[in-house]
Amino acid sequence: MTAPDKILQEVAALRREINYHNRLYYTLDSPEIPDADYDALFDRLTELEQVYDLVTPESPTRRVGSEPLVQFTQITHERPMLSLDKVFNEQDLQDFESRIKKRLGSEADLEYSCEPKVDGIAVSLLYVDGVLTRAATRGDGLTGEDITHNVRTIHSIPLRLDAQGVTGRIEVRGEIYLGKAGFEKLNNRAEREGGKVFVNPRNTAAGAVRQLDPRKAARIPLQMFCYSIGLVDGVEMPGRLGDVFELLEAWGLPVNPDRSARTGIDDCLDYCLDLLNKRNALNYEIDGAVIKVNDLSIQRELGQNARTPRWAMAYKFPAEEKSTQVLGVEFQVGRTGAITPVARLKPVFVGGVTVSNTTLHNMDEVERLGLRVGDSVIVRRAGDVIPKIIRVMAPEKNPAPGTIVMPSRCPACHSPVLKEGEVLYKCSGGLICPAQRKEAVKHFASRSALDIEGLGDKLVEIMVNRDLISTVADLYRLEVSQISALERMGPKSAQKLVAAIEKSKQVTLARFLYALGIREVGEATAQALANHYQALQNVIDASAADHEQIPDIGPVVASHIETFFRQEHNLSVINQLLRCGFVLEQRTSDEYSNSLAGQTFVLTGSLVQIPRKEVKARLQALGAKVAGSVSKNTSVVVAGPGAGSKRAKAEALGIKIIDEGEFIALIESLNH
Ligand code: IVH
């Protein structure tokens with residue numbers, strides 16, 4: 001049926017509209033219309049195309065072809081696809097800039113495009129007269145494979161550019177990847193349906209891109225970020241990479257929103273550190289940052305080495321997954337008697353730290369992993385998340401596998417181990433168990449609890465082993481002479497410790513409640529109890545039903561609280577503490593939560609002791625604002641190692657700069 005003009009116009013409008021919503025949905029992750037409305041547009045277009053025979057290959061309805069390929073066609077790249085040189089530290093990045101300046105014979109500041117180094121697969125897209133005609137893998141850089149059928153299934157890649165009048169060939173290059181959310185969804189589905197779980201996003205994406213059957217590729221929610229252009233013969237392109245990105249974006253191509261234009265290498269380093277800090281929060285995996293000279297004519301002037309350009313550099317971040325070996329498994333007894341298997345590992349540098357042991361959580365986890373002593377394993381440490389074993393590799397290669405079994409007696413006090421619930425094993429020794437006592441004291445003295453300076457984990461272990469203390473109340477009866485007799489303690493440090501213990505008697509009710517180590521009562525719950533009851537005796541007298549009246553306290557936690565205060569030995573310890581002269585302040589959170597109100601903080605460089613996101617949360621809890629850049633309105637800049645331009649700007653504006661240690665001292669003083 002020949003289509004009347006009105007229908008042709010409607011079809012064109014529908015395609016434009018669908019492409020527009022695809023972009024909002026798949027690239028920007030912020031849809032404007034409900035899925036059902038989108039489906040209606042799509043169905044209407046499909047119907048019109050069929051009735052009036054208007055199907056064209058670049059229509060958004062034509063993403064998934066139906067016939068699998070028999071084999072891949074080889075594609076020779078018009079221009080080789082290069083790879084990147086890499087550096088791992090600040091100095092080598094500085095040297096990269098020095099080399100460039102030397103070659104250019106100029107000391108002038110250079111502009112750079114800084115981008116995340118996305119962990120995926122490099123591809124080349126060829127648009128001819130605005131229509132996607134071919135997509136290829138990088139291959140060896142000179143020849144790759146034709147993967148057009150699979151790339152067409154990626155919704156964020158336009159089949160036709162939104163670029164009227166653009167003719168000729170435009171080759172766009174970039175990285176195809178699978179986002180963290182997409183990966184998780186796939187694996188959840190695989191687990192539900194008993195399918196094979198995918199190892200990591202990169203491998204999954206690589207597998208999908210190299211499918212012969214596009215229907216299989218279409219099931220993997222791949223995405224792409226464009227990062228450069230290859231051959232262009234029909235249009236004039238802008239002279240700077242940053243402007244090229246804007247043009248590509250205007251044409252409807254996906255470009256990474258986390259890129260940033262910077263001037264001078266210090267500023268680039270700032271970018272790298274900021275990116276590293278937010279690595280975990282990104283919804284795609286990265287293995288570093290890429291720094292590129294922004295000016296394309298300078299890029300040409302600098303040229304390339306054999307396989308890598310002189311105008312770009314990868315700043316690599318520490319790998320988040322490494323392989324190592326399980327040397328043994330120990331069973332640790334926690335504060336509440338719970339026994340946890342902990343794997344001792346051959347030390348391995350992963351995610352920026354050396355890891356030599358890692359919790360296995362419970363025996364179910366051991367079983368799920370199929371773990372045995374001697375196995376080679378993959379350890380993952382991402383951001384500040386605790387390291388974990390995610391997989392056993394080639395279990396058949398373990399020459400003498402050691403089975404991991406829960407002991408029947410507590411390794412610390414030899415009391416019988418009892419099973420509680422589905423996965424929990426507990427030592428039945430209660431307070432006779434030195435391991436439980438040690439953990440209780442360590443928790444009591446810890447930074448978020450009573451914060452007793454100088455009473456570290458090692459010292460607590462020694463004190464319990466020597467029978468110097470048995471409960472936390474015993475701490476308050478310690479004498480200088482007893483402490484100074486311990487190994488590595490002199491009279492001075494002993495005196496200091498006694499003073500710190502004495503000082504800890506002055507504490508808020510919330511911290512005191514937290515310090516008691518009631519099961520599942522964290523800082524927030526302790527604060528809620530303190531706010532609600534105002535006095536310790538009220539908490540002791542209350543019932544589980546009373547606790548449940550407090551928002552966020554559920555029946556399980558409420559019953560743990562009640563049980564704790566019904567136990568004779570707990571009440572006895574509390575009474576001893578009160579008799580020693582504890583003064584519990586009734587201050588609620590509101591009274592100090594605004595002590596930084598009106599102040600604006602800027603964080604720069606790397607923070608080592610407290611994760612950036614926690615620093616931010618703490619500042620906000622105290623009423624402060626946290627800003628991304630320094631201005632005359634900034635009150636304080638917290639600068640860690642590697643701080644660059646922000647620090648310099650703060651210095652120029654005469655704004656107070658403190659380091660991480662000073663910052664911790666500041667918030668601690670406000671929290672007491
Ligand atoms: S530019 C000549 N930019 O890293 C420049 N590459 O080791 C070539 N990659 O093969 C690449 N994110 O697959 C560039 N923003 C980015 C990138 C990026 C990831 C990959 C790419 C390349 C590899 C280089």
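Side chains are part of it too, since the values below use all heavy atoms of this structure and drop only hydrogens, waters and symmetry mates. First listed ligand is number 1; within each ligand, the first listed atom is number 1.
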Do [Y] and [X] meet the salt-bridge criterion of a basic N to acidic O distance under 4.0 Å?
| X | Y | answer |
| --- | --- | --- |
| R279 | E285 | no |
| D267 | K646 | no |
| E111 | R240 | yes |
| R15 | E17 | no |

Quiz item: Which part of E115 is near ligand 1, with near meaning a heavy atom under 4.0 Å away: side chain, backbone, both or neither?
Solution: side chain
Quiz prompt | Region of V290 engaging ligand 1 - heavy atom pairs below 4.0 Å | solution = side chain
Practice problem: Give a yes-or-no answer on whether the side chains of T61 and R63 include a donor-acceptor pair shorter than 3.5 Å. | Solution: no
Nearest-neighbour protein heavy atom for [atom], which is reported as residue plus atom name and distance:
| atom | answer |
| --- | --- |
| atom 3 (N) of ligand 1 | K292 NZ, 3.0 Å |
| atom 23 (C) of ligand 1 | K117 NZ, 3.9 Å |
| atom 9 (N) of ligand 1 | E175 OE1, 3.6 Å |
| atom 18 (C) of ligand 1 | Y227 CE2, 3.4 Å |
| atom 19 (C) of ligand 1 | V118 O, 3.2 Å |

Quiz item: Which heavy-atom pair separates L241 from E115 by the least distance, and what is that distance?
Solution: CD2-OE2, 3.8 Å
At less than 4.0 angstrom from any non-hydrogen atom of [X], what atoms of ligand 1 do you find?
| X | value |
| --- | --- |
| L82 | 2 (C), 8 (C) |
| L84 | 5 (C), 6 (N), 7 (O), 24 (C) |
| P309 | 2 (C) |

Practice problem: Run the numbers on Y38 and Y25 for ring-ring contact (aromatic ring centres under 6.0 Å, His included), then give the verdict. | Solution: CA-CA 10 Å; Y38 175 88; Y25 187 90; 7.1 Å; no
Practice problem: Please confirm whether P116 comes under 4.0 Å of ligand 1, counting heavy atoms of the residue only. | Solution: yes
Self-check item: Near-ring test F88/Y315, centroid separation under 6.0 angstrom
Solution: no
